[in-house]
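All ligand and atom numbering here is 1-based and tracks the order in the structure. Below, each value reflects all heavy atoms present in this structure, side chains not excepted, and no hydrogens, waters or symmetry copies.
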Amino acid sequence: MSKENIPDAWDDDWETQVDQQGEQATSNERAAKASKAERLAKHAELNRKLWDSAESTDNFFLDAKNDVPLKTEFKPAVKVLSRKPTPKIAPGMSQLALDDEDDENEGSSKKHAPSPEELRLRAQREREEKQRRYEEARERLFGSSAPASRTASPGTLTPPKAGEGKGVRGKGKSRGIRDSKSPPENTSNSRSKKSPIDNSTDRTSDGRQLYEPEYSAKPDSSFLQKRGVLQLSDSLSTSDESQQPIRSPRGPDGSTSLHVLDVYLPRPPPREDPRGLWVIYIHGGAWRDPDVSMESFDPALNLLLEWQQKDDIVGFASINYRLSPYHRHSTNPSSSSDPARNAEHPDHIHDTLAAIYFLQQKYGFKERYLLVGHSCGATLAFQTVMGRWSQTSGNVGIALPFGILGVAGIYDLIRIRDNHCNASVYQTFLEDAFGKSEGIWTEASPTSGDYDKSWPNGKLALVVHSLEDELVEEEQATLMVQTLRRGGSGEESKRLNILHILETGKHDEIWDRGILLATVIAKAVGLLTLKS
Ligand SMILES: N[C@@H](CC(=O)c1ccccc1NC=O)C(=O)O
């Protein structure tokens, strides 16, 4: 009872007050008693529920929740017991076993692990030995007049320009011979400026071009032997860029030549009676684009080298040819004084024939080759077997290929111009390449050929078109296959004429990513080897 509630004894009515308080207390007590009974009843009820739930199979536990107030992140302390420092692995040494045993376990019988210096010396010895073997092989193939390797250390295969802006640059097979033909007075194009091989200071001693439009040397001429500058290697990685072949060197007077070609030999070719096929690639670029050159074959080449199982292909070549003017090119416009950038039909086909002639004279594969062309390169590939320009090309005539693979090709110049009459660029590049006379356009179009007559040894014409091609329409491919099937000689052609449609692949993606081009080349090679 609080002090204030105690009646004051000096008050007259203190007894009455006490009596009243007594009555109130009793009624409070009653109320308290009632609520106690209620609490007991509640408690009994809870107990009952508890027992009930103990009997039941229902989940008694609370569902786990993320917002449990007591939840803390449990982070056990990490205790590092003991570890030797991670050994540093030099590149190419990953095959060495790593020993993580305790020192005590290292018995004296254990082999001495070579130091990095020892490994370097060992690798150098192996390289020298390989170089010696290559020198011998080269001597056998090209005679003693073949130039020695450019430096005392092994030469290097031109690695395709890794990741140079465009697409995937796959890794190549590690063996082979890269033979890059270029006259010393050549000039680089825009792509080659970025190329490591462009820094090469190496020059051959004589100033003649390696393949010339008017070239007609005999197979054994000293020219060929002298110019057989081969780059030999079994390694793609090089620390010495000066060993790279020159693909587009700049001449001292700044003049250019695109009479250059790349050769890749997976192994030294037998000079007599060659059996396997050659693959010769002709790049596209609307007869004018300096950014699309023989190097555009690199991604596909690398894949083909990786895939090749049966060594069906004994040699690869990718050729350059003079280009038509391209004054509006954003980074590398043509100059009107540059003969390599002012070509007009039939210069492109003349150069192509000269390059094939050069290769045949040098490697002797005759008709055992597949000619592959992309876009206007496909135009050139079929022009090669139209027989209209071989008399004017200055050489004594080439052996025509067993097979042609045209990818994303232009085959009817007038039709493609008409189908793109809203885009004046088609008229521009066609006019710059073929002049204004549409009669010449028709005569130059592969759809005007008579292939049964002009290409009697042909075994395969594979025409490939991608549905995603945004620059050349499907009609070009269908018109070409119709022409091939038409046949003018009356006799049934022994040639296989196939139209192959790809679901995917934009115009330049086909070579840029390599995989599509390599796939269709592999398909063509498979068909040709079946046929021969
Ligand atoms: N990159 C080329 C265009 C090009 O290559 C092209 C354009 C339309 C149709 C075909 C083409 N290439 C054929 O070789 C250029 O800039 O002129």
**Item:** His507 to ligand 1, any heavy atom closer than 4.0 Å
**Value:** yes
Nearest neighbour in protein (non-hydrogen) for [atom]:
atom	answer
atom 10 (C) of ligand 1	Ser375 OG, 3.7 Å
atom 15 (C) of ligand 1	Tyr326 OH, 3.5 Å
atom 7 (C) of ligand 1	Leu471 CD1, 3.7 Å

Relative to ligand 1, is [X] under 4.0 angstrom through side chain, backbone, both or neither, heavy atoms considered?
X	answer
His329	neither
Tyr426	side chain
His374	neither

**Prompt:** What do the steps show when you test Leu277 against Phe365 for side-chain contact (heavy atoms from CB on, under 4.5 Å), and what is the final call?
**Reply:** CA-CA 8 Å; Leu277 272 181; Phe365 51 81; over 6 Å; no
With only distance considered, is [X] within less than 3.5 Å of ligand 1 through an N or O on each side?
X	result
Asp289	yes
Ala286	yes
Gly285	yes
Arg288	yes

**Item:** Verdict with supporting geometry, Phe382 and Leu484, side-chain contact (heavy atoms from CB on, under 4.5 Å)
**Value:** CA-CA 10 Å; Phe382 280 103; Leu484 287 159; 4.1 Å; yes
**Message:** I'd like to know whether the aromatic ring centres of Phe297 and Trp511 sit less than 6.0 Å apart in this structure.
**Reply:** no
**Item:** Centroid-centroid under 6.0 Å between Tyr321 and Trp287 rings
**Value:** no
**Asked** Is the shortest distance from a Lys or Arg side-chain nitrogen in Arg415 or Asp418 to a carboxylate oxygen in the other one below 4.0 Å?
**Response** no
**Prompt:** Any ion pair linking Glu470 and Lys506 (charged N to carboxylate O, less than 4.0 Å)?
**Reply:** no
**Atom indices of ligand 1 within 4.0 angstrom of Cys376 heavy atoms, with elements** = 13 (C), 14 (O)
**Prompt:** Just checking, is any N or O donor in the side chain of Ser293 or Glu295 under 3.5 Å from an acceptor N or O on the other one?
**Reply:** yes
